[in-house]
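The next block holds one structure in the form of structure tokens; read it before the comments.
Side chains are part of it too, since the values below use all heavy atoms of this structure and drop only hydrogens, waters and symmetry mates. We count residues from 1, following the sequence as given.
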Amino acid sequence: MQTWTQEPMDYARLTKKIKELEQGFPWLNIISFGKSLLGKELFALDFRPAFSHCSKKPLLMAGAFHGMEWITTTLLLAFTQSVCLSIENGRVPMDRGLVVAPCINPDGVDIQIHGAQAAGRFQNLVEISSGGDTKHWQANARGVDINHNFDAEWRALRKMEIAAGITQPGPTRFGGPYPESEPESHCLARFCRCHEFAMALALHSQGEEIYYEFGDCTPANAYALAEAFAQVSGYEVSAPSGLASYGGFKDWFIAYFRRPAFTIEVGKGVNPLPISQFPSIYEKVEPLLYTALQTD
């Protein structure tokens, strides 16, 4: 197992691994589609330029919307490497483009791993709202939960947050002052609006579940796709509840584009899932991701 899969995937390790991928596979296009609140690059690993002959619309895979869920970044980087090797060895017919955004919330990840000092000018906010313990930090540096900050029944979600006593920035579940108020959510939504993604997969942890619905906007083929993913991974097709029902990236993608999108809750246990679980989680997730890549 590579050494980079044996430590929590903070921003420094992320950038190092991306440079390794760029050097090892020069045809892989590394782009930035924006910057986080603290100025960290939001990277996308773009397979499309090397496979411009592909007729199908590209697929987007994204991870680490939440600080505690950095293991999803490691999974997506490992999958990127696997696809690169498979393409070079001629094992995977590439008939659609692929874009991988491995870490949507790099500030939150660094705060969770390294503590409030990683929040820079927002250190005081993080220290106060976390009570000095960032072990369960999910939000960005400003205390906004990125996966509650998309324009998908956001106002209904805001009412639910207020009813639950969530009225200000904090470690988790505060959806911000308005949809896309945060650079991380805004840049990802803008990136999607600028590209014709056929489908999106958002990796989260934990639960070994697949979410595919968003009310009347749910595409007709979404359930069949979710079932196909479940069959190869052993995950269950399910539905979120409560405060997880609205405002997420998957919800927004479905509502905005009327195309399939999925939340994949990887692994089981208590977040943050230990990196020691990476091999067993990846064993189940890899076939799911390949199935998504090769689906019609």
Side-chain angles (χ1 to χ4, degrees), residues 1-21 32 34-43 45 62-81 100-149 169-174 182-185 187-188 202-207 265-282 285:
M1 187 62 63
Q2 302 97 326
T3 56
W4 60 273
T5 64
Q6 298 174 3
E7 297 288 342
M9 184 58 67
D10 63 6
Y11 185 70
R13 294 188 181 94
L14 168 65
T15 54
K16 181 180 179 181
K17 183 56 186 175
I18 287 176
K19 288 180 181 178
E20 290 176 5
L21 288 168
S32 170
K35 293 186 177 181
S36 71
L37 193 62
L38 296 179
K40 297 183 178 74
E41 301 289 346
L42 302 177
F43 291 108
L45 314 178
F65 289 80
H66 290 138
M68 285 199 294
E69 299 175 7
W70 42 258
I71 200 167
T72 60
T73 298
T74 310
L75 292 167
L76 286 174
L77 290 174
F79 181 69
T80 297
Q81 181 169 286
V100 178
C103 187
I104 303 302
N105 184 12
D107 298 345
V109 167
D110 276 0
I111 290 167
Q112 194 282 324
I113 295 173
H114 299 297
Q117 65 272 18
R121 65 185 186 276
F122 298 100
Q123 180 174 349
N124 190 54
L125 181 154
V126 171
E127 286 179 342
I128 292 172
S129 61
S130 68
D133 182 2
T134 63
K135 181 180 179 181
H136 299 292
W137 191 266
Q138 292 278 68
N140 73 350
R142 191 153 46 198
V144 175
D145 190 320
I146 297 304
N147 211 46
H148 282 220
N149 192 233
T172 186
R173 300 192 298 175
F174 175 68
E182 305 311 294
E184 298 88 352
S185 52
C187 289
L188 179 58
L203 269 61
H204 290 260
S205 63
Q206 47 77 41
E265 295 282 357
V266 307
K268 280 191 174 181
V270 178
N271 283 329
L273 297 178
I275 194 62
S276 60
Q277 288 191 20
F278 171 80
S280 60
I281 294 174
Y282 186 76
V285 170

Q | His204 ring center within less than 6.0 Å of Phe65 ring center | A | yes

**Q.** Short side-chain to backbone donor-acceptor contact, Ser205 and Val266, under 3.5 Å
**A.** no

Q) Closest heavy-atom contact between Gly63 and Leu76? A) N-CD1, 3.4 Å

Q.
Rounded at 0.5 Å granularity, tell me how far OG1 in Thr172 sits from CE in Met68.
A. 6.5 Å

Q: Report yes if the side chains of Arg121 and Leu38 come closer than 4.5 Å at any heavy-atom pair, otherwise no.
A: yes

Q. Under the criterion side-chain hydrogen bond (donor to acceptor under 3.5 Å, both in side chains), which of Asn105, Asn140, Asn149 is the partner of Glu182?
A. Asn140

Q: Verify side-chain contact (heavy atoms from CB on, under 4.5 Å) between Asn271 and His136, making sure each step is shown before the conclusion.
A: CA-CA 7 Å; Asn271 283 329; His136 299 292; 5.9 Å; no

Q | OG-CD1 distance between Ser276 and Ile71, expressed to the nearest 0.5 angstrom | A | 8.0 Å

Q. Under 3.5 Å, is there a donor-acceptor pair between the side chain of Trp4 and the main chain of Gln6?
A. no

Q) Do Glu69 and Gln138 come within less than 4.5 Å of each other through their side chains, counting heavy atoms only? A) yes

Q) Can you list the steps and then say if Phe43 with Ile18 is a side-chain contact (heavy atoms from CB on, under 4.5 Å)? A) CA-CA 9 Å; Phe43 291 108; Ile18 287 176; 3.5 Å; yes

(Q) Could you tell me if Gln277 and Lys268 have a donor-acceptor pair between their side chains, going purely by distance under 3.5 Å? (A) no

Q) So, the side chain of Glu184 versus the backbone of Leu37: is there a donor-acceptor pair under 3.5 Å, distance only? A) yes

(Q) Minimum heavy-atom separation for Lys35 and Glu41, please, with both atom names. (A) CE-OE2, 3.1 Å

Q: Calculate, to the nearest 0.5 Å, the distance between atoms CG and CD belonging to Leu45 and Gln81 respectively.
A: 11.5 Å

(Q) Does any part of the side chain of Lys16, heavy atoms only, come nearer than 4.5 Å to the side chain of Lys19, both counted from C-beta? (A) no

Q | Approximate separation, where rounding is to 0.5 Å, of Arg13 CZ and Trp70 CH2 | A | 9.5 Å

**Q.** Spacing of Asp110 atom CG and Met9 atom CE [to the nearest 0.5 Å]
**A.** 11.5 Å

Q) What are the two closest non-hydrogen atoms of Ser36 and Leu42, and how far apart are they? A) N-CG, 4.0 Å

Q: Kindly indicate whether the side chain of Val109, heavy atoms from C-beta on, has any atom under 4.5 Å from the side chain of Tyr11.
A: no

Q: Heavy atoms only: give me the nearest Val126-Ala119 pair and the separation to one decimal.
A: CG2-CB, 3.6 Å

**Q.** Arg142 side-chain N/O to Phe122 backbone N/O, donor-acceptor pair under 3.5 Å
**A.** no

**Q.** Pro102 to Leu14 - nearest heavy-atom pair and separation
**A.** CG-CD1, 4.0 Å

Q. Any side-chain heavy-atom pair from Asp145 and Phe174 closer than 4.5 angstrom?
A. no

Q) Between His66 and Trp137, is a side-chain contact (heavy atoms from CB on, under 4.5 Å) present by the stated rule, with each step listed? A) CA-CA 8 Å; His66 290 138; Trp137 191 266; over 6 Å; no

Q | Side-chain (Thr74) to main-chain (Thr5) donor-acceptor, under 3.5 angstrom | A | no

Q: State, to 0.1 Å, how close Ala116 and Glu127 come at their nearest heavy-atom pair, and which atoms those are.
A: CB-CG, 3.3 Å

(Q) With side-chain contact (heavy atoms from CB on, under 4.5 Å) as the criterion, how do Lys40 and Asp107 come out once you've worked through the C-alpha distance, each side chain's angles and the decisive distance to 0.1 Å? (A) CA-CA 7 Å; Lys40 297 183 178 74; Asp107 298 345; 3.1 Å; yes

